[in-house]
Amino acid sequence: MALSGQTAVVTGAARGIGRAVTELLLQHGATVTVTLHNAGHVVEVALLDVDESAGLSLKASLDQQHGAQRTLFLLCSVESEEQTKAAFQKTVETFGRVDILCNNAGVLNEAAWERSVSVNLVAVIRLTYMALEHMNKGTGGRGGVIVNIASMAGLGPLPSCPVYTATKHAVVGFTRAMAAASTALGYGIRFNAVCPTFVQTDLFSNIYDRMGMFSQLAAQTRKFATTGVLNVSEVAAGLLELVTDETKNGEALMLTGGGKKYMTFPTLS
Ligand SMILES: NC(=O)C1=CN([C@@H]2O[C@H](COP(=O)(O)OP(=O)(O)OC[C@H]3O[C@@H](n4cnc5c(N)ncnc54)[C@H](O)[C@@H]3O)[C@@H](O)[C@H]2O)C=CC1
Ligand SMILES: CC/C=C\C[C@H](O)C(=O)/C=C/C=C/C=C\C=C\[C@@H](O)C/C=C\CCC(=O)O
């Protein structure tokens, strides 16, 4: 799948993995946008995030690299149905299309576990269904690809963060089920998940304060972390593979310090 001329929606784009994904997609010619404003074929970028200062500083940096006309920051939360619906509507009004959705925004906080479920799972489902309205070939869309940023905690349990583990397992399951549904129903949309190990971001830096009643188990997680910590570009590269390789549908791509592995799962049939 050639990226040039494509329109991508990236959530949590202002920092961490989302920022790396945004920058890599832009470098490969996609129109990375949530809401934006398009003049002809000039690619413009709007970034969706709740962190206004990070979003504005990223915009300034992207302006330098790609020109001021290519970026727009939108202060918006994936937890808000109204804000995300408006973002998709503005994107389609302005560009007439959505080709790529990266559900990246995520949080880890076992003490505020309802928020983890809301951001990591409910919002992934909500934005997927919103994107379907615009991407589904069955309803006039062009098809495309949706990549969800899960985690290795979506493949195996982290006792220090059971709710985070649950949300990420759910994202992997939802992704694989949607891939099968899309094939059966002819959506023309591929669904894949990225499952990275630890990645050097703000989320990772704060995890030991976010384990709530499981904080006694932090030492075990620290031990896991000694197996290697990725940088954000490594995750973005994994996502790009899932976006551009049109043979990938229903995949869970595990990324560790030792490399990448396409996971296999027991088949029900
Ligand atoms: N850092 C790590 O070790 C790993 C992270 N992940 C996953 O990668 C994704 C990105 O995580 P990081 O870049 O590490 O986190 P981060 O905390 O560095 O960045 C997350 C971004 O999402 C934004 N965000 C948070 N809540 C939001 C909301 N309600 N609406 C819109 N934006 C929101 C934040 O403002 C921030 O810009 C998450 O889904 C996380 O679970 C997966 C594996 C490893
Ligand atoms: C505490 C969470 C820290 C960062 C968030 C990130 O999303 C994450 O959860 C990273 C997890 C890294 C885990 C690393 C090692 C082992 C985990 C075990 O639970 C086994 C997990 C997967 C095994 C998959 C397999 O090899 O079959």
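Start at 1 and go down the list; that is how both ligands and their atoms are numbered. Because only heavy atoms are used, hydrogens play no part in the values below, and waters and symmetry mates are left out as well, while side chains stay in.
Taking both residues in full, the closest heavy atoms of Thr197 and Leu230 are given as CG2-CG, 3.7 Å, listed atom of the first, atom of the second, then distance. Minimum interatomic distance between Leu155 and Cys195 (heavy atoms only, all atoms of both residues): CD1-CB, 3.6 Å.
Residue contacts with ligand 1, taken as heavy atom pairs separated by less than 4.0 Å, involve Ala150 solely via the backbone atoms N, CA, C and O. Neither the backbone nor the side chain of Ala54 has a heavy atom within less than 4.0 Å of ligand 1. Under 4.0 Å from ligand 1, the heavy atoms of Lys168 that appear belong solely to its side chain. Using a 4.0 Å cut-off between heavy atoms, Ala225 makes no contact with ligand 2 at all.
Considering backbone and side-chain atoms alike, Pro196 places every N or O at 3.5 Å or more from each N or O of ligand 2. Looking at Ser151 next to ligand 1, no N or O pair under 3.5 Å apart turns up. Note: an N/O pair closer than 3.5 Å links Val78 and ligand 1 by distance alone.
When only non-hydrogen protein atoms are considered, atom 3 (O) of ligand 1 lies nearest to Val199 N, 2.8 Å. In this structure, atom 43 (C) of ligand 1 lies nearest to the protein heavy atom Pro196 O, 3.4 Å. When only non-hydrogen protein atoms are considered, atom 15 (O) of ligand 1 lies nearest to Leu203 CB, 3.4 Å. The single protein non-hydrogen atom nearest to atom 10 (C) of ligand 1 is Asn104 OD1, 3.2 Å, given as residue, atom name and distance. The nearest heavy-atom contact from the protein to atom 5 (C) of ligand 1 is Ile17 CD1, 3.9 Å. Atom 44 (C) of ligand 1 has its closest protein heavy atom at Thr197 O, 3.1 Å. Looking only at heavy atoms of the protein, atom 26 (O) of ligand 2 is closest to Met254 CE, 3.8 Å. The nearest protein atom to atom 40 (C) of ligand 1, hydrogens excluded, is given as Tyr164 OH, 3.6 Å; this is a heavy-atom distance. Protein heavy atom nearest atom 4 (C) of ligand 2, with residue, atom name and distance: Phe198 CD2, 3.6 Å. Among all non-hydrogen protein atoms, the one lying nearest atom 19 (O) of ligand 2 is Pro157 O, 2.6 Å.
Each of the following atoms of ligand 2 lies closer than 4.0 Å to a heavy atom of Leu158: 1 (C), 2 (C), 8 (C), 9 (O), 11 (C). The contact set between ligand 2 and Thr221, taken as ligand atoms under 4.0 Å from a residue heavy atom, comprises 1 (C). Proximity to Arg115 (heavy-atom distance under 4.0 Å) selects the following atoms of ligand 1: 26 (N). The contact set between ligand 2 and Leu108, taken as ligand atoms under 4.0 Å from a residue heavy atom, comprises 2 (C). Applying the 4.0 Å criterion to heavy atoms of Ser151 picks out, from ligand 2, the atoms 6 (C), 7 (O), 8 (C), 9 (O), 10 (C). Applying the 4.0 Å criterion to heavy atoms of Ile207 picks out, from ligand 2, the atoms 1 (C), 3 (C). Listed by number with element, the atoms of ligand 2 under 4.0 angstrom from any heavy atom of Tyr164 are 5 (C), 6 (C), 7 (O), 9 (O).
A heavy-atom distance below 4.5 Å is found between the side chains of Arg115 and Val107. You'll find the side chain of Glu81 reaches within 4.5 Å of the side chain of Met130, heavy atoms only.
For Asp51, the side chain to side chain donor-acceptor pair (under 3.5 Å) partners are Arg15, Ser53, not counting sequence neighbours.
Put simply, no part of Ser80 is less than 4.0 Å from ligand 1, judged by heavy atoms. Contact analysis leaves Thr11 out of contact with ligand 1, as no non-hydrogen atom separation drops below 4.0 angstrom. Heavy-atom distances between Met263 and ligand 2 reach below 4.0 Å in at least one pair.
Applying the ring pair (Phe, Tyr, Trp, His ring centres under 6.0 Å) test to every pair with at least one member in residues 181-208, sequence neighbours left out, gives these pairs: Phe198-Phe204.
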